[in-house]
Amino acid sequence: MATKIAVKSPLSLNNMIQLKDMNGMDEIVSLCKRRGFIFPGSDIYGGMAGLYDFGPYGVELLNNLKQNWWKHNIQQRADYVGLDSAMFKNPEVWKASGHVDSFSDPMSECKECHTRIRVDKELEKLGVFADEKMTEAEIGKLFDEHKSKIKCPNCKKQNWTAPKKFNLLVKSNLGDFTEQNTDPAYLPGEACQGIYLNFKNVVDTCRVKIPFGIGQIGKAFRNEISPRNFLFRTREFEQADTQYFVRPHKNKEPYERIKQEQWDWLLSLGIKEENLKWHQHENLVFYAKDAWDIEYNYPGNGFDELMGIHDRSDYDLSQHMKFSGTDLEYRDPMTGEKYIPWILETSMGMGRLFLAVLCDAYEQNEERTVLHLSPELAPVKYAVFPLLKNKPDLVKKAKEVFEMLSSRYNCEFDDNGNIGKRYRRQDEIGTPKCITIDFDTLEDDTVTVRDRDTTEQIRINIADL
């Protein structure tokens with residue numbers, strides 16, 4: 001039976017300060033480096049823009065998010081199957097998808113110090129609508145009208161080259177032994193193409209019937225002109241994508257259902273509803289029937305895309321059918337009717353989700369910093385402490401409890417510093433429960449369990465943990 005223990009000066013959550021009241025993203029970046037969530041890539045060599053490494057706690061949180069996504073979108077759904085396609089693909093794939101010809105951002109270079117900027121984003125900061133689907137001439141006209149207001153982020157001058165389109169695909173010499181690089185392979189600009197390429201394979205082998213979906217978490221690479229806002233825009237990232245295949249013109253009902261499902265799932269992760277909003281695309285690409293983003297209110301950056309939900313019609317399968325010469329039509333097993341399915345897509349960068357979850361979980365007051373992560377997502381589920389590290393009997397018992405719990409959960413053993421400091425460390429990484437083994441434990445086999453959110457402590461028997 002659990003017994004409550006009086007806690008001296010419990011901390012009130014009413015006194016906690018949220019990120020919106022602080023320095024925003026700076027607080028998150030500092031916590032991630034200090035507590036081993038995120039490190040700058042190649043840090044000992046001075047780093048490299050747009051690249052980050054997930055540390056010991058970061059990789060646990062990232063894996064928990066991916067597992068939660070997979071469970072929600074694949075495991076618990078009878079109408080979805082999973083996939084893990086190869087990163088490298090035949091170069092013709094990227095020609096068919098349009099990436100070779102049109103996967104680009106408008107770039108301008110400072111003539112003084114050669115710093116490059118992404119023109120559409122700089123115009124947006126001035127309240128001027130610009131879109132990557134605009135022509136070079138359209139972007140150039142807007143830039144000429146407003147470039148006197150845009151200062152170089154490096155030298156602060158205002159001497160810019162004319163905007164030009166810069167393709168974001170990352171080239172590779174895979175399979176090219178001539179060193180001429182005349183027919184490059186590409187790292188994936190997006191992860192979803194592997195789903196389209198395997199549509200026929202899945203239909204032929206898995207007894208799926210339309211409507212059905214395929215989901216995948218895969219790597220993507222983009223030669224970003226100006227990586228920014230920590231994990232929000234990077235040059236290497238993971239995308240979680242689903243592609244739901246439906247009969248032509250039978251897209252409206254499942255599209256609305258998918259939108260609601262994804263919104264509800266984000267809330268289930270602990271993201272506050274007031275920090276989410278819908279944004280409908282106004283300037284659609286020619287093949288799209290509809291496109292919405294779920295935006296998150298990122299500290300210091302405001303609302304920006306977290307997840308995209310797109311009605312892509314039959315464009316993707318039609319393009320790959322045209323370029324590959326392979327028949328990708330679906331034959332209805334009941335009627336024999338053949339057609340190219342329409343596709344409803346969800347696409348999300350896992351780094352952006354990681355960042356949103358961290359930001360919403362973060363709170364601070366004058367005494368402690370806390371990540372209120374749900375137990376399912378928390379990197380460490382239980383931290384086990386011996387009261388004193390120089391008492392062999394306490395350490396031995398604590399290790400027994402640690403081994404018992406770690407067979408099922410990711411746990412941490414910590415005997416460094418006083419109990420208060422250990423609690424604070426675990427609060428900062430979001431550990432829901434801390435378990436302390438003291439001298440009473442050696443007598444009655446009970447331990448103290450302390451709650452992260454309320455700081456309440458209870459006494460409980462080890463057998464009941």
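Counting from 1, the numbers follow the sequence of the chain as shown.
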> Enter the distance from Thr326:OG1 to Leu317:CG here, rounded to the nearest 0.5 Å.
11.5 Å
> Any chance NZ of Lys66 has more than 12 other-residue heavy atoms, nucleotides or ligands included, within less than 6.0 Å?
yes
> Please say whether more than 12 non-hydrogen atoms of neighbouring residues, nucleotides or ligands are located less than 6.0 Å from CZ in Arg34.
yes
> Less than 4.5 Å apart, any side-chain heavy atom of Glu412 and any of Thr431?
no
> Is the side chain of Lys259 donor-acceptor paired with the backbone N or O of Ile309 at a distance under 3.5 Å, no angle test?
no
> Closest heavy-atom contact between Leu344 and Asn251?
CD1-O, 3.9 Å
> Kindly give the heavy-atom pair with the smallest separation between Trp263 and Glu273, and that separation in Å.
NE1-OE2, 3.1 Å
> Between Tyr296 and Cys359, does the side chain to side chain contact (heavy atoms under 4.5 Å, CB included) criterion hold? Intermediate values first, please.
CA-CA 10 Å; Tyr296 176 78; Cys359 290; 3.4 Å; yes
> Measuring only between side-chain heavy atoms, which start at C-beta, is Arg368 closer than 4.5 Å to Thr455?
yes
> Between Gln426 and Ala383, is there a donor-acceptor pair closer than 3.5 Å when you use the side chain of the first and the backbone of the second?
no
> What distance separates Ile419 CD1 from Thr436 OG1, expressed to the nearest 0.5 Å?
4.0 Å
> Between Val246 and Tyr255, is there a side-chain heavy-atom distance shorter than 4.5 Å?
no
> So, does Arg247 use its side chain to make a donor-acceptor pair with the main chain of Ile210 at under 3.5 Å?
no
> Carefully, step by step, assess Lys33 and Phe39 under the rule side chain to side chain contact (heavy atoms under 4.5 Å, CB included).
CA-CA 6 Å; Lys33 179 67 183 294; Phe39 303 130; 3.8 Å; yes
> Within the structure provided, determine whether Thr242 and Ile258 are in side-chain contact (heavy-atom separation under 4.5 Å).
no
> Check whether any side-chain heavy atom of Cys152 sits under 4.5 Å from a side-chain heavy atom of Cys113, and report yes or no.
yes
> Checking the side chain of Arg116 only, and the main-chain atoms of Met107 only, is there a donor and an acceptor separated by less than 3.5 Å?
no
> For Lys433, run the salt bridge (Lys or Arg N to Asp or Glu O under 4.0 Å) check against Asp453, Asp451, Asp427 and tell me which one passes.
Asp451
> Taking the side chain as every heavy atom from C-beta outward, state whether Val380 and Glu60 have any pair of such atoms under 4.5 Å apart.
no
> Tell me whether Asp316 contacts the main-chain N or O of Gln193 through its side chain, where contact means a donor paired with an acceptor under 3.5 Å.
no
> For Lys250, I'd like to know if atom NZ has over 12 heavy atoms of other residues, nucleotides or ligands within 6.0 Å.
no
> Among His320, Gln319, Gln243, whose side-chain hydrogen bond (donor to acceptor under 3.5 Å, both in side chains) with Tyr196 holds?
Gln243
> Just checking, is any N or O donor in the side chain of Ser347 or Asp241 under 3.5 Å from an acceptor N or O on the other one?
yes
> Are the side chain of Asn223 and the backbone N or O of Asn167 linked by a donor-acceptor pair below 3.5 Å?
no
> Are the charged groups of Lys125 and Glu122 less than 4.0 angstrom apart, N to O?
yes
> Give the minimum heavy-atom separation between Tyr315 and Ser97, together with the two atoms involved.
OH-O, 3.8 Å
> With under 30° as parallel and over 60° as perpendicular, where do the rings of His99 and Phe103 fit, or are they tilted in between?
tilted
> For the atom pair NE2 (His281) and CG (Asp290), what is the distance rounded to the nearest 0.5 Å?
9.5 Å
> Are any non-hydrogen side-chain atoms of Met348 and Trp69 less than 4.5 angstrom apart?
yes
> Within 45° of the axis and under 6.0 Å from the centre of the six-membered ring of Phe385, does NZ or CZ of Arg450 qualify?
no
> Would one find more than 12 heavy atoms of other residues, nucleotides or ligands at under 6.0 Å from atom CD of Glu282?
no
> Do Lys277's NZ or CZ and the ring of Phe303 fall within the cation-pi criteria of under 6.0 Å and 45°?
yes
> Any carboxylate oxygen within less than 4.0 angstrom of a Lys/Arg side-chain nitrogen, looking at Glu428 and Arg424?
no
> Is any side-chain heavy atom of Lys111 closer than 4.5 Å to a side-chain heavy atom of Thr161?
yes
> Please determine which of Tyr244, Phe212, Phe245 meets the ring-ring contact (aromatic ring centres under 6.0 Å, His included) test together with Tyr80.
Tyr244
> Can you list the steps and then say if Phe354 with Phe54 is a ring pair (Phe, Tyr, Trp, His ring centres under 6.0 Å)?
CA-CA 11 Å; Phe354 183 103; Phe54 287 82; 5.2 Å; yes
